[in-house]
Each structure stands twice: as C-alpha cells, then as structure tokens.
Amino acid sequence: MVGSGEPQRVGRFRYWIKDKRWEWSDAVARMHGYEPGTVKPSTAILLQHKHPEDRAQVAEVLERVGQGEPFSSRHRIIDTGGQVHWVIVVSDRMLDDAGTVIGTAGFYVDVTDVLQADVSAAISEAAASRAVIEQAKGVLMVCYGISAERAFDILVWRSQETNVKVRDLAARFLAAFTGRLPTEVLSDLDHTLLTVS
C-alpha cells in the first residue's frame with residue numbers, strides 16, 4: 001500500500017546477471033501493456049517503455065542492475081497503448097548458496113492514481129484559494145473604486161504586515177466583512193441590482 005486509499009498495483013521482477021534474463025510477474029507485464037506470457041522481457045524492451053525524459057536515469061539504474069547492486073527508482077513508463085504510468089521500482093541482490101551475487105529481484109508499484117489524486121487535490125486547493133482571493137479583491141474594488149491589481153496589492157501588503165498567507169487573510173477579511181453592510185448600503189445595492197440593465 002502506498003499512501004492511503006485503495007491498494008496499488010504491485011508486481012515482482014527478477015534479473016539474472018549471467019544470462020541477462022528478466023522475469024516479470026503478470027502485474028508488471030500488464031503495467032507495460034502486455035498480456036501475461038505474450039512478451040519475453042529484456043533490457044531493450046524495458047528501455048523502450050521508459051519515458052524519454054527518464055530514459056537516461058533508468059539506463060544508469062540498469063547498469064547497476066547488471067552489476068547486481070540494489071537500487072530504487074521512481075520514474076515513468078509508457079505502456080503499449082501510450083498511457084503514462086508513474087512507477088516506483090525497488091530491488092535487492094539475489095545471492096546463491098555461496099553468497100555470490102547472481103542477480104537482482106524486486107517489485108514495481110504503479111503509483112499513477114496516487115500522484116494524479118495529489119495533483120487533482122493541489123489543483124482544487126489552488127482553485128479554492130484563488131476564489132477566496134478573487135472575492136476579497138472584488139470587495140476592495142467596489143468599496144474603493146480601484147482596479148483588480150491595486151486590490152491585490154492591498155491584500156499582499158496586509159499579508160506581509162500580518163505575516164498571514166494571502167489566501168488566509170482574504171478568507172478572514174471576507175468572514176469579518178460578511179453581513180456587516182449598513183441597511184442603507186444594502187438597500188442601494190438591492191435597488192441597483194434590480195434596475196441595472
């Protein structure tokens with residue numbers, strides 16, 4: 001399990017140094033887009049599926065694999081359908097009975113869903129922050145008859161003065177201001193809203 005929520009897809013692999021032979025579990029084959037048993041994994045196939053921006057990093061890791069060294073890596077793979085997966089790969093040495101390194105064995109964890117959820121949460125949080133700041137700017141623009149840029153400058157200035165993040169300051173300002181308009185201002189607002197065209 002990585003993070004919280006549903007268990008992630010996890011699969012095992014092994015690599016024998018002498019034969020330069022890879023073995024994938026069914027889950028690792030599927031992560032790469034293959035039905036189990038339809039492909040014979042190789043170093044060339046592994047590199048072919050690595051994201052172009054991660055290929056050099058993975059090539060260095062594979063050199064260590066060839067020497068039987070343990071490793072861990074987080075990188076992207078592209079399956080046969082063109083879908084990008086973020087994976088964590090962890091490996092340790094395989095030893096024979098005499099203690100000689102004969103290969104490496106480890107596992108893949110597909111963490112794409114976890115990372116996408118993190119990105120979605122970050123985007124939602126940013127949108128919520130932006131909405132609160134925009135509302136506070138709107139109040140200042142109407143009250144002072146100023147531009148959006150000047151209103152934001154005021155929020156930033158108060159944020160620095162109070163050592164409070166702009167979003168938090170905007171939320172506190174709105175909470176303190178909400179429902180406090182004098183009756184005559186509200187009447188004027190109502191009239192304007194109902195007659196403007």
Side-chain angles (χ1 to χ4, degrees), residues 1-135 165-168 171:
M1 175 97 54
V2 174
S4 58
E6 294 297 314
Q8 299 303 300
R9 295 194 304 165
V10 179
R12 297 200 153 275
F13 71 91
R14 287 189 284 187
Y15 176 73
W16 285 267
I17 297 171
K18 183 178 178 184
D19 303 331
K20 296 184 179 178
R21 180 170 56 90
W22 290 91
E23 181 183 285
W24 284 350
S25 70
D26 292 352
V28 173
R30 286 192 180 101
M31 284 179 207
H32 287 83
Y34 298 104
E35 280 303 311
T38 61
V39 67
K40 184 176 179 182
S42 66
T43 301
I45 287 175
L46 280 172
L47 283 173
Q48 169 189 321
H49 283 282
K50 301 310 175 194
H51 191 282
E53 293 174 13
D54 298 337
R55 199 166 285 144
Q57 165 207 336
V58 174
E60 288 177 24
V61 168
L62 289 174
E63 277 187 40
R64 294 201 299 274
V65 170
Q67 296 162 13
E69 293 181 22
F71 72 90
S72 66
S73 173
R74 185 175 93 169
H75 58 271
R76 291 162 289 181
I77 61 174
I78 303 172
D79 68 22
T80 57
Q83 173 114 18
V84 176
H85 301 262
W86 275 99
V87 294
I88 295 173
V89 184
V90 179
S91 162
D92 200 359
R93 300 176 302 164
M94 291 192 306
L95 306 174
D96 64 13
D97 293 338
T100 304
V101 176
I102 59 170
T104 186
F107 57 91
Y108 276 69
V109 183
D110 186 333
V111 295
T112 307
D113 292 342
V114 171
L115 292 178
Q116 286 176 342
D118 288 348
V119 168
S120 296
I123 289 170
S124 295
E125 186 179 333
S129 295
R130 189 168 34 246
V132 169
I133 292 168
E134 290 301 316
Q135 289 170 21
K165 290 181 180 177
V166 173
R167 182 212 183 275
D168 294 339

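All residue numbers refer to positions in the sequence shown, counting from 1.
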Determine, step by step, whether Arg74 and Val87 satisfy the side chain to side chain contact (heavy atoms under 4.5 Å, CB included) criterion, reporting the C-alpha distance in whole Å, the side-chain angles of both residues, the deciding distance to 0.1 Å, and the verdict.
CA-CA 6 Å; Arg74 185 175 93 169; Val87 294; over 6 Å; no
Just wondering, do Leu95 and Ile102 contact through their side chains at under 4.5 Å, heavy atoms?
no
If you take all heavy atoms of Ala29 and Pro36, which pair is closest and at what distance?
CB-CA, 4.3 Å
Nearest heavy-atom pair of Ala27 and Val10: which atoms, and what distance?
CB-O, 3.4 Å
Within residues 21-32 or reaching into it, pairs that qualify as side-chain hydrogen bond (donor to acceptor under 3.5 Å, both in side chains) - sequence neighbours excluded
Arg14-Glu23, Trp22-Thr43
If a pair satisfies side-chain hydrogen bond (donor to acceptor under 3.5 Å, both in side chains) and one of its residues is in residues 87-103, list it, with sequence neighbours excluded.
Ser91-Thr104
Is the shortest side-chain heavy-atom distance between Arg167 and Ile133 below 4.5 Å?
yes
Contact summary for Ile77 and Met31, nearest pair of heavy atoms:
CD1-O, 3.8 Å
So, His49 versus Tyr34: side-chain donor-acceptor pair below 3.5 Å or not?
yes
Quick check: closest heavy atoms across Gly33 and Thr80, and the distance to 0.1 Å?
O-OG1, 2.9 Å
How about Phe107: does its CZ atom have over 12 heavy atoms from other parts shown lying under 6.0 Å from it?
no
Using every non-hydrogen atom in the two residues, find where Arg12 and Val28 come nearest and quote the distance to one decimal.
O-CG2, 3.5 Å
Determine whether Met94 and Tyr15 satisfy the following criterion, side chain to side chain contact (heavy atoms under 4.5 Å, CB included), listing intermediate values before the conclusion.
CA-CA 9 Å; Met94 291 192 306; Tyr15 176 73; 5.9 Å; no
Please collect all salt bridge (Lys or Arg N to Asp or Glu O under 4.0 Å) contacts where either partner lies in residues 37-57, sequence neighbours excluded, each pair once.
Glu53-Arg76, Asp54-Arg76
